Amino acid sequence: MNRIPLIILALCIFASCSYDESLDLCTLSVTLVYPENSIEPYEGAPVELRGLGRDVVFIDSTDTQGQVHFVVTPGVYEATTTSQFIDSTGTTWWRYNFNGVRSMIIVDPDSTNQADVMLKMSRKRIVR
């Protein structure tokens, strides 16, 4: 009879040690969507990804299709971008400024984890 409490105690200790401490990682693809009749996506546009409610910041740049792929833990994120592009192909040079933000991006292992950031454009003529 003295062994029953000891067996119950041992079972409780082993059951409490079964916690899984691994982190689920998800790939989030962020695509910059440029305004119609502006420029094509280009490699090197910076994108910042912030974890909302956490002190987590990821920074990367786009590939030639205007996409960035982040590997992050599940959560809620915000993607921002600000970039300049100078068009010097013609006789008149132009500086294009692109800004965009996308909030409340929910990253979850059970979803597609894709987000489009719609960009706003302004342009200014460069006088040489």
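Computed from a prediction, not measured in an experiment: that's the story for all the values here.
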Check [X] against [Y] and note the closest heavy-atom contact, atom names and distance.
X     : Y      : result
His69 : Ser29  : ND1-OG, 2.9 Å
Ala79 : Val30  : CB-CG1, 4.3 Å
Cys26 : Pro109 : SG-N, 3.6 Å

side-chain hydrogen bond (donor to acceptor under 3.5 Å, both in side chains) against [X], all qualifying residues, sequence neighbours excluded:
X     : value
Ser38 : none
Thr31 : Gln67
Ser88 : none

Co-membership, hydrophobic cluster, residues Val72 and Leu32, 4.5 Å side-chain: yes
ILVMFWY network linking Val117 to Ile39, side-chain heavy atoms under 4.5 angstrom: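 Yes, Val117 connects to Ile39 through the hydrophobic network.
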Hydrophobic cluster (4.5 angstrom, side-chain heavy atoms) - remaining members for Leu25: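 Members alongside Leu25: Val71.
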Partners meeting salt bridge (Lys or Arg N to Asp or Glu O under 4.0 Å) with Glu48 (sequence neighbours left out):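 Glu48: salt bridge (Lys or Arg N to Asp or Glu O under 4.0 Å) contacts with Arg50.
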Do [X] and [Y] have side-chain heavy atoms sitting under 4.5 Å apart?
X      : Y      : result
Phe70  : Val107 : no
Asn113 : Thr27  : no
Arg102 : Val33  : no

Listed once per pair and sorted, the salt bridge (Lys or Arg N to Asp or Glu O under 4.0 Å) pairs that draw on residues 27-47, sequence neighbours left out: none
Pair listing, salt bridge (Lys or Arg N to Asp or Glu O under 4.0 Å) test, anchored in residues 76-97, at least two apart: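 As it turns out, there is no salt bridge (Lys or Arg N to Asp or Glu O under 4.0 Å) pair with a partner in residues 76-97 once direct neighbours are skipped.
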Residues which pass side chain to side chain contact (heavy atoms under 4.5 Å, CB included) with Asn37, listed by chain and number, not counting sequence neighbours: none
Residues which pass side chain to side chain contact (heavy atoms under 4.5 Å, CB included) with Asn99, listed by chain and number, not counting sequence neighbours: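 Only Thr82 meet the side chain to side chain contact (heavy atoms under 4.5 Å, CB included) criterion with Asn99.
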Results of ring-ring contact (aromatic ring centres under 6.0 Å, His included) for Tyr42 - residues two or more places apart only: Phe85
Pairs flagged by ring pair (Phe, Tyr, Trp, His ring centres under 6.0 Å) wherever residues 98-121 is involved - sequence neighbours left out: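 Applying ring pair (Phe, Tyr, Trp, His ring centres under 6.0 Å) to every pair that reaches into residues 98-121, excluding sequence neighbours, yields Tyr34-Phe98.
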Distance in Å, Leu28 CG paired with Thr73 OG1, rounded so as to fall on 0.5 Å steps: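 Result: 11.0 Å between the selected atoms.
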Straight-line distance of Ile105 CD1 to Asp116 CG, nearest 0.5 Å: 9.5 Å
Validation: residues 118-127 side-chain donor-acceptor distances under 3.5 Å, sequence neighbours left out:
none

